[in-house]
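Heads up: the structure comes next, in structure tokens.
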2 protein chains.
Amino acid sequence: MKLSQRGEYALRALLVMGMNHGPGVIRIKDIAQQQNIPRRFLEQILNDLKSAGFVQSKRGVAGGYRLQRGPDEISLADIIRHLEGPLAPVGCVSVNYYQRCSCPDEGKCAIRSVMQEVRDAIVGVLEGVSVAHLCNRVRDLQGPLENPLDYVI
Amino acid sequence: MKLSQRGEYALRALLVMGMNHGPGVIRIKDIAQQQNIPRRFLEQILNDLKSAGFVQSKRGVAGGYRLQRGPDEISLADIIRHLEGPLAPVGCVSVNYYQRCSCPDEGKCAIRSVMQEVRDAIVGVLEGVSVAHLCNRVRDLQGPLENPLDYVI
DNA sequence: CAATACTTGACTCAAACAGTCGGGATTCTA
DNA sequence: TAGAATCCCGACTGTTTGAGTCAAGTATTG
């Protein structure tokens, strides 16, 4: 699994929304400025996250984005799977994006068996971390601040 | 970490050499045929593995390749690092290919701390598996065969 | 209505991937 | 010592992916 720039931006944006989770929305512009993400590019990304059901949007003057589900209901595994495709290093051990490889018998392929372990290791970490967990880590790492927007992500 | 076609071919080739490890060499052509790898492409790959010190070659009529070190001295982590670059999902948690990212304080970055765990999980598996281990897995998975060349990889 | 924000689709530019190819250098064997 | 087998090396090509950019459109609010 390799996290692209796009993927990193997405995580950062979701984390900002997680830290400010509530009934209100946050503008793209603010996220972009705070996180130093090209605005146009971020638009594209959030749009994608929207059609995938991770966030919802409100148009018009007081518009913006917010998480669709609660921060504790979104795992990093889900997010990254959507953004980057398979978490597994090779298609033939991917559960969600399985692709048969050329070896004659997958059950007897030693390379595959190692890659299986790698996949399980990656998934093990990423399934266990939600956006809410991430937010907690931010707070743990940075101590409590007055303004939630001051959290560095 | 994502394994490219090139990387998979390399692992398969090394595994063939591991299974047939001894004083003699194996021809590119044989590996290519047995493993269904485009010969010219494999040449390129083995050349690369040679200059990286994983294999050695012999030219001329009875020429070919063999592992330079013992199969137990080559870990998958080393091989993949050479072929694919960082094992870590992001540069800022890579030990061997570290690259600073744009966040203001790495020590306080929650995303980074998760990616750190992912990296450790991946490296943990891959550092622990050598070519020799892979060979043992092949034998375990397939039972003992008469002709070592019959092992499916 | 005007200003503000999100929406959509197309577009560019560079790098990475997966090979392919031609010819050169060595080594063995007859 | 010629010739066949084998590795060696650099250049080339076509496709895909990544990272943005841009223009014009639609909805919302004051």
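Letters go in sequence order (proteins before strands), and every chain restarts at 1.
Listed by residue number, the members of residues 73-92 of chain A with any heavy atom below 4.0 angstrom from DNA chain D form an empty set. Of the residues in residues 36-43 of chain A, those with a non-hydrogen atom less than 4.0 angstrom from any atom of DNA chain D are Pro38(A), Arg40(A), Phe41(A).
A donor-acceptor pair under 3.5 Å is formed between the side chain of Arg100(A) and the backbone N or O of Cys103(A). When atom types are taken as modelled, the side chain of Arg66(B) and the backbone of Gly22(B) share a donor-acceptor pair closer than 3.5 angstrom. Put simply, the side chain of Glu84(A) gets close to the backbone of Ser4(A): a donor and an acceptor are under 3.5 Å apart.
Along DNA chain D, the nucleotide closest to Tyr65(B) and the one closest to Val61(A) are compared, and the more 5′ of them pairs with Tyr65(B). Residue whose closest nucleotide on DNA chain C sits further toward the 5' end, between Tyr9(B) and Gly60(A): Gly60(A). A residue-by-residue look at Lys29(B) and Asn47(B) shows that Lys29(B) has its nearest nucleotide of DNA chain D further toward the 5' end.
The nucleotide range of DNA chain D contacted by chain B, defined by atoms under 4.0 angstrom from heavy atoms of the protein and reported 5' to 3', is dA4(D) to dA11(D). The footprint of chain B on DNA chain C, defined by a heavy-atom cutoff below 4.0 Å, extends from dA18(C) to dC28(C).
Contact annotation: the side chain of Glu127(A) never approaches that of Leu87(A) to less than 4.5 Å [non-hydrogen atoms, C-beta and beyond]. Put simply, the side chain of Met19(A) reaches to within 4.5 Å of the side chain of Arg139(A), judged on heavy atoms.
Of the charged side-chain nitrogens involved, none lies within less than 4.0 Å of a carboxylate oxygen, so that Arg112(B) and Glu8(A) do not count as a salt-bridged pair. Between Asp78(B) and Arg81(B) there is a salt bridge, since a side-chain N of the basic residue sits under 4.0 Å from a carboxylate O of the acidic one.
When all heavy atoms of Leu49(B) and Ala10(B) are compared, the pair lying nearest together is CD1-CB, 4.1 Å. Leu46(A) and Ala13(A) make their closest contact through CD2-CB, 4.1 Å (heavy atoms, listed as atom of the first residue, atom of the second, distance). In terms of heavy-atom proximity, Leu42(B) sits nearest to Ala32(B) at CD2-N, 3.7 Å.
Residues Gln99(A) and Ser94(A) have side chains that never bring a donor and an acceptor to within less than 3.5 angstrom of each other.
Residue contacts shown for Ile28(B) are limited to sugar-phosphate atoms, with no base heavy atom under 4.0 Å away.
Listed by chain and number, the residues in a side chain to side chain contact (heavy atoms under 4.5 Å, CB included) with Pro71(A) are His21(A), Leu67(A), Val131(A), Ala132(A) (sequence neighbours excluded). Residues satisfying the ring pair (Phe, Tyr, Trp, His ring centres under 6.0 Å) test with Phe41(A), not counting sequence neighbours, are Tyr9(A).
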